[in-house]
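Worksheet: one structure, shown below.
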Amino acid sequence: MHPHIWYKRGFKIEALNPHKGPQRSQLMQLEALRPNLGADLGRLRRLYQEQSWRAALPESLPDAELLALARDFRSVEVSLQVDDEDECPPSMASAVFVVTSLLTREEKTDTPPALRITQDGLMRAMQTYQWGLEREIVRRIVGIPTATQTGNLIERLERCAAG
């Protein structure tokens with residue numbers, strides 16, 4: 001996040017005194033970026049309808065949605081480690097929505113296209129998308145882009161779906 005945005009949000013950014021050492025309140029904290037809620041599925045659908053499947057790409061997502069989706073995907077990952085197959089995590093809907101939007105890659109239509117994918121394939125695709133989300137967050141923070149990230153993510157997702 002750009003320092004100007006930190007200032008606008010009210011975070012303190014001050015020169016650190018090397019003799020006193022850094023004070024916690026004076027440093028930018030990544031914790032401040034932590035979303036309180038997961039992604040808003042209605043907002044994701046509106047983005048998808050307005051911009052097509054490309055809106056689901058990590059580099060196309062606004063900061064708030066990117067971080068909220070990262071939270072959702074991490075929540076799904078953690079809940080699946082518990083092996084409670086009876087309960088579906090609440091964040092699963094947004095995770096499945098964005099992954100299937102990229103796998104079908106249909107332009108704006110009223111009827112969703114058919115998608116055949118196994119449960120294992122969907123889980124691998126979700127892990128791959130989570131990888132893409134996390135790489136995009138790091139790219140935005142450190143400011144160093146990666147080459148052909150979009151094409152690489154789409155290819156990986158397709159390989160997961162194919163089995």
Side-chain angles (χ1 to χ4, degrees), residues 1-13 24 27-85 87-106 112 115 117-161:
M1 188 180 301
H2 192 273
H4 181 70
I5 295 171
W6 284 88
Y7 171 76
K8 289 273 229 194
R9 287 193 170 183
F11 295 103
K12 287 184 177 182
I13 301 176
R24 184 170 171 84
L27 299 175
M28 288 187 271
Q29 298 291 316
L30 291 178
E31 293 171 358
L33 299 174
R34 185 178 304 149
N36 295 325
L37 300 171
D40 179 352
L41 188 56
R43 174 132 167 82
L44 289 173
R45 284 187 177 161
R46 283 190 298 280
L47 284 171
Y48 178 75
Q49 289 170 347
E50 293 168 4
Q51 301 173 23
S52 80
W53 62 269
R54 288 174 182 81
L57 291 168
E59 62 263 22
S60 299
L61 293 167
D63 290 348
E65 278 73 22
L66 179 73
L67 293 171
L69 273 173
R71 182 185 194 279
D72 285 349
F73 275 80
R74 186 57 59 100
S75 297
V76 169
E77 177 186 19
V78 169
S79 69
L80 293 175
Q81 292 172 352
V82 176
D83 283 338
D84 186 9
E85 294 181 14
E87 193 167 321
C88 183
S91 50
M92 183 71 87
S94 59
V96 171
F97 175 76
V98 294
V99 169
T100 56
S101 296
L102 288 175
L103 286 172
T104 57
R105 288 195 308 283
E106 290 290 320
L115 174 66
I117 187 169
T118 65
Q119 184 175 351
D120 287 341
L122 180 60
M123 290 299 115
R124 284 192 306 273
M126 288 172 58
Q127 289 170 338
T128 299
Y129 187 81
Q130 181 180 356
W131 168 84
L133 281 173
E134 292 169 357
R135 286 184 60 84
E136 178 61 18
I137 290 168
V138 170
R139 184 197 67 80
R140 290 184 191 186
I141 291 172
V142 301
I144 301 173
T146 59
T148 65
Q149 187 170 351
T150 298
N152 192 7
L153 180 61
I154 297 293
E155 288 172 18
R156 286 173 179 241
L157 287 172
E158 288 174 343
R159 281 196 308 262
C160 292

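All heavy atoms count here, side chains included; hydrogens, waters and symmetry mates do not.
For the atom pair CE of Met92 and OG of Ser75, the computed distance is 11.0 Å after rounding to the nearest 0.5 Å. The structure places CG of Leu67 at 9.5 Å from CG of Leu133, a figure rounded to the nearest 0.5 Å. One distance of note links CG of Leu157 with CG of Leu103; it measures 5.5 Å at 0.5 Å rounding. In this structure, Asp40 CG and Arg45 CZ are separated by 10.5 Å, a value rounded to the nearest 0.5 Å. Met123 CE to Cys160 SG: the interatomic distance, rounded to the nearest 0.5 Å, is 11.5 Å. Note: Ser60 OG to Glu65 CD = 12.0 Å, rounded to the nearest 0.5 Å.
When every heavy atom of Ala56 is checked against every heavy atom of Ser101, the shortest pair comes out as CB-CB, 4.2 Å. Here the closest heavy-atom approach between residue Tyr48 and residue Trp53 is recorded as CE1-CA, 3.5 Å. The shortest heavy-atom contact between Leu41 and Ala93 is CD2-CB, 4.0 Å. Closest of all the heavy-atom pairs between Ile137 and Ala70 is CD1-CB, 3.6 Å. Between Leu66 and Pro58 the shortest heavy-atom distance is CD1-O, 3.7 Å.
With contacts defined as side-chain heavy-atom distances shorter than 4.5 Å, the pair Leu57/Ile154 qualifies. Using a 4.5 Å heavy-atom cutoff, the side chains of Arg139 and Ile144 are not in contact. A 4.5 Å side-chain heavy-atom check between Leu102 and Val98 finds every atom pair outside the cut-off. Arg74 has its side chain within reach of Glu134: a pair of non-hydrogen atoms, C-beta onward, lies under 4.5 Å apart. Residues Pro62 and Arg43 meet the side-chain proximity criterion, which asks for heavy atoms closer than 4.5 Å. At least one side-chain heavy atom of Met126 sits less than 4.5 Å from a side-chain heavy atom of Val96. Side-chain atoms of Leu69 and Gln130, non-hydrogen and from C-beta on, never get closer than 4.5 Å to each other.
A salt bridge does not link Glu50 to Arg46: none of the charged side-chain nitrogens sits closer than 4.0 Å to a carboxylate oxygen.
Between the Asp72 side chain and the Ala95 main chain, no donor and acceptor come within less than 3.5 Å of each other.
Ring-plane geometry between Phe73 and Tyr129 is classed as tilted, the angle between the planes lying from 30 to 60 degrees on a 0 to 90 degree scale.
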